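One structure below.
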Amino acid sequence: MKNKKNILLGIIGFILIIIIILFLIIMFDRDKKINNLNNIIIDLTNLYTKDKSIILNKDELIINKGGNYILQGKYNGRILIDAKSKTNITLNSVNIDTKYNPCISILKGSPVDFIIPAYSRNYLKDMYSSSTIYSEEDISIDGIGSLTIMSGGEYGINILNNSFTIKGSILEINGNSSIKAKDIKVLGGEIYFNSKKDSIISDNLIINDGNIYISSLINGLNIKNPYIINGGRSVILSQINNSVLDDNSKEDVFVFKTEDKILKDTTSFLTDSDDKLIISFSNNNDYNLCIISVPGVNKKSYNLYINGYNEGKKVRGVYGKGKYILGSKKNIY
């Protein structure tokens with residue numbers, strides 16, 4: 001019996017070592033990309049770069065050629081990308097603050113891939129602009145760091161007639177509407193949207209992977225065509241739903257309404273008909289409509305409980321494992 005226990009502990013230890021090695025390989029690869037000699041480093045705090053073709057002043061930085069750029073530091077001004085070719089922008093712990101302009105503007109002919117490296121925390125904040133990130137071209141975001149957008153205008157990200165793709169990173173947007181784009185693809189990463197208006201506005205939405213949490217005062221999803229959920233975890237809380245799920249979605253999805261509003265900052269518990277917990281979450285805004293896509297949502301009957309107690313750690317709106325008390329039952333339909 002003792003030998004079996006030792007063998008089991010040895011196997012678990014070996015698996016943990018493999019996981020740590022894989023993680024370190026990923027970190028090394030990310031750092032290698034950042035430190036590539038072809039990268040152009042821009043120090044926003046000291047308004048300094050070795051690249052003479054970049055126009056850098058107190059209230060606007062202009063990138064006018066394609067390449068690999070690393071932005072770091074604090075800046076009270078706009079980043080304008082007019083490269084006329086594809087550009088890679090690494091946000092390496094930036095803090096960009098503007099009043100009347102977007103923090104980042106991307107002009108026609110300059111598609112941008114944003115890279116958010118490990119351990120980097122990035123912040124974009126505007127006060128009165130129409131959007132915090134404005135683009136006339138496709139945008140993608142990848143990485144394992146975080147990007148937080150505090151939007152004072154209409155949109156956190158506004159992409160005109162083009163696409164937005166998130167492959168990785170933690171993307172948090174707080175403001176009116178979180179994102180508007182013609183096509184939106186979620187291939188991975190973490191999305192945390194807190195919206196006073198419609199959160200996601202698009203013609204087409206495909207969610208293949210990643211963790212999505214949306215709390216909206218109006219529409220969580222305002223999608224013209226039927227949206228597709230093929231994987232990942234989605235918790236979308238709102239008061240209106242004008243969007244339709246595509247029947248070809250590969251992931252099971254449960255949509256429900258409550259008889260009255262669930263008030264802001266309430267802990268909710270969704271269980272199956274036997275009261276086995278499926279997911280527990282909180283809400284940043286009042287809600288009476290919920291779209292849930294998580295493992296275990298594959299039955300016809302569910303229960304909703306509120307105002308209970310949950311000892312699990314809450315990460316971006318969703319509780320992890322821990323002791324809980326369900327609270328009072330709510331009627332859903």
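As a basis for the values below, the full set of heavy atoms in this structure was taken, side chains included, without hydrogen atoms, waters or symmetry mates. Since the structure is predicted, the reported quantities are computational estimates derived from the model, not experimental observations.
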Quiz prompt | Nearest heavy-atom neighbours spanning Phe269 and Leu326 | solution = CD1-O, 3.4 Å
Practice problem: Please lay out, stage by stage, how Arg121 and Ser146 fare under the test side-chain contact (heavy atoms from CB on, under 4.5 Å). | Solution: CA-CA 5 Å; Arg121 296 182 178 181; Ser146 67; 3.6 Å; yes
Quiz item: Would you say Ser169 and Phe114 make side-chain contact, with heavy atoms under 4.5 Å?
Solution: no
Quiz item: Is there a donor-acceptor pair closer than 3.5 Å between any side-chain N or O of Asn92 and the backbone N or O of Leu71?
Solution: no
Exercise. Go through Asn162 and Lys108 one step at a time and tell me if the side-chain contact (heavy atoms from CB on, under 4.5 Å) criterion holds.
Key: CA-CA 10 Å; Asn162 281 284; Lys108 193 72 176 175; 4.2 Å; yes
Self-check item: Side chain to side chain, Tyr128 and Thr98, heavy atoms closer than 4.5 Å
Solution: no
Quiz item: Would you call Lys330-Asp260 a salt bridge at under 4.0 Å N-O?
Solution: yes
Practice problem: Please assess Leu245 against Val255 for the test side-chain contact (heavy atoms from CB on, under 4.5 Å), listing each intermediate value before the final yes or no. | Solution: CA-CA 10 Å; Leu245 179 70; Val255 181; 6.0 Å; no
Quiz item: Taking Ser216 for the side chain and Ile218 for the main chain, is one N or O donor matched with an acceptor at less than 3.5 Å?
Solution: yes
Quiz item: Is the backbone N or O of Ile170 less than 3.5 Å from a side-chain atom of Glu190, with the two atoms forming a donor-acceptor pair by type?
Solution: no
Exercise. Check whether any side-chain heavy atom of Ser234 sits under 4.5 Å from a side-chain heavy atom of Ile207, and report yes or no.
Key: yes
Quiz prompt | Check: Ser151 side chain, Gly175 main-chain N or O, donor-acceptor pair, under 3.5 Å | solution = no
Quiz item: Do you know which two heavy atoms are closest between Glu137 and Gly109, and how far apart they sit?
Solution: OE2-N, 2.9 Å
Practice problem: Determine whether Asn39 and Thr90 make a side-chain contact, defined as any pair of heavy atoms from C-beta on separated by less than 4.5 Å. | Solution: no
Practice problem: Using modelled atom types only, decide if a donor and an acceptor are shared between the side chain of Asn283 and the backbone of Leu263 within a distance under 3.5 Å. | Solution: yes
Practice problem: Would you check if there is a donor-acceptor pair between the side chains of Ser177 and Asp198 at a distance under 3.5 Å? | Solution: no
Quiz item: Between Tyr305 and Gly327, which heavy-atom pair has the shortest distance, and what is it?
Solution: CD2-O, 3.5 Å
Quiz item: Do side-chain atoms of Asp272 reach the backbone of Tyr302 as a donor and acceptor pair under 3.5 angstrom?
Solution: no
Exercise. Tell me yes or no: between the side chains of Tyr69 and Thr49, is some donor less than 3.5 Å from an acceptor?
Key: no
Exercise. Identify the two heavy atoms, one from Tyr75 and one from Glu60, that lie closest to each other, and give their separation to 0.1 Å.
Key: OH-N, 2.7 Å
Exercise. Report yes or no: does Ser249 contribute a side-chain atom to a donor-acceptor pair with the main-chain N or O of Glu251 at less than 3.5 Å?
Key: no
Exercise. May I ask you to check whether Thr267 and Tyr319 show a side-chain donor-acceptor distance below 3.5 Å?
Key: yes
Practice problem: Please confirm whether the backbone N or O of Ala83 pairs with a side-chain atom of Ser110, one donor and one acceptor, at under 3.5 Å? | Solution: yes
Quiz item: With side chains defined as the heavy atoms from C-beta onward, is the minimum distance between Ile89 and Leu91 less than 4.5 Å?
Solution: yes
Exercise. Answer yes or no: does atom CG of Asn57 have more than 12 heavy-atom neighbours from other residues, nucleotides or ligands under 6.0 Å?
Key: yes
Quiz item: Does the distance from a Lys or Arg side-chain N to an Asp or Glu carboxylate O, for Arg316 and Glu172, drop under 4.0 Å?
Solution: no
Quiz prompt | Gly231 backbone acceptor or donor facing Asn208 side chain under 3.5 Å | solution = no
Quiz item: Just checking, any donor-acceptor pair under 3.5 angstrom between side chains of Asn88 and Asn68?
Solution: yes
Practice problem: With the side chain counted from C-beta on, respond yes when Lys276 and Thr271 share a heavy-atom pair under 4.5 Å apart, and no when they do not. | Solution: no
Quiz item: Passes side-chain contact (heavy atoms from CB on, under 4.5 Å), Ile240 versus Leu289? Steps please.
Solution: CA-CA 7 Å; Ile240 299 174; Leu289 187 142; over 6 Å; no
Self-check item: Smallest separation among heavy atoms of Leu237 and Cys290, with atom names
Solution: CD2-SG, 3.4 Å
Quiz item: How about Thr132 and Asp126: does a side-chain donor come under 3.5 Å of a side-chain acceptor?
Solution: yes
Quiz item: Do the ring centers of Phe281 and Tyr213 come within less than 6.0 Å of each other?
Solution: no
Quiz item: What closest approach, in Å, do Ile54 and Ile62 show between heavy atoms, and which atom pair accounts for it?
Solution: CG2-O, 3.5 Å
Practice problem: Go through the side-chain N and O atoms of Ser178 and Ser195 and say whether any donor and acceptor fall under 3.5 Å apart. | Solution: yes
Quiz prompt | From Lys50 atom NZ to Ile41 atom CD1, the distance as rounded to the nearest 0.5 Å | solution = 8.0 Å
Quiz item: Do side-chain atoms of Ser120 reach the backbone of Pro117 as a donor and acceptor pair under 3.5 angstrom?
Solution: yes
Practice problem: Can you spot which of Ile106, Asn158, Leu107 makes a side-chain contact (heavy atoms from CB on, under 4.5 Å) with Glu136? | Solution: Leu107
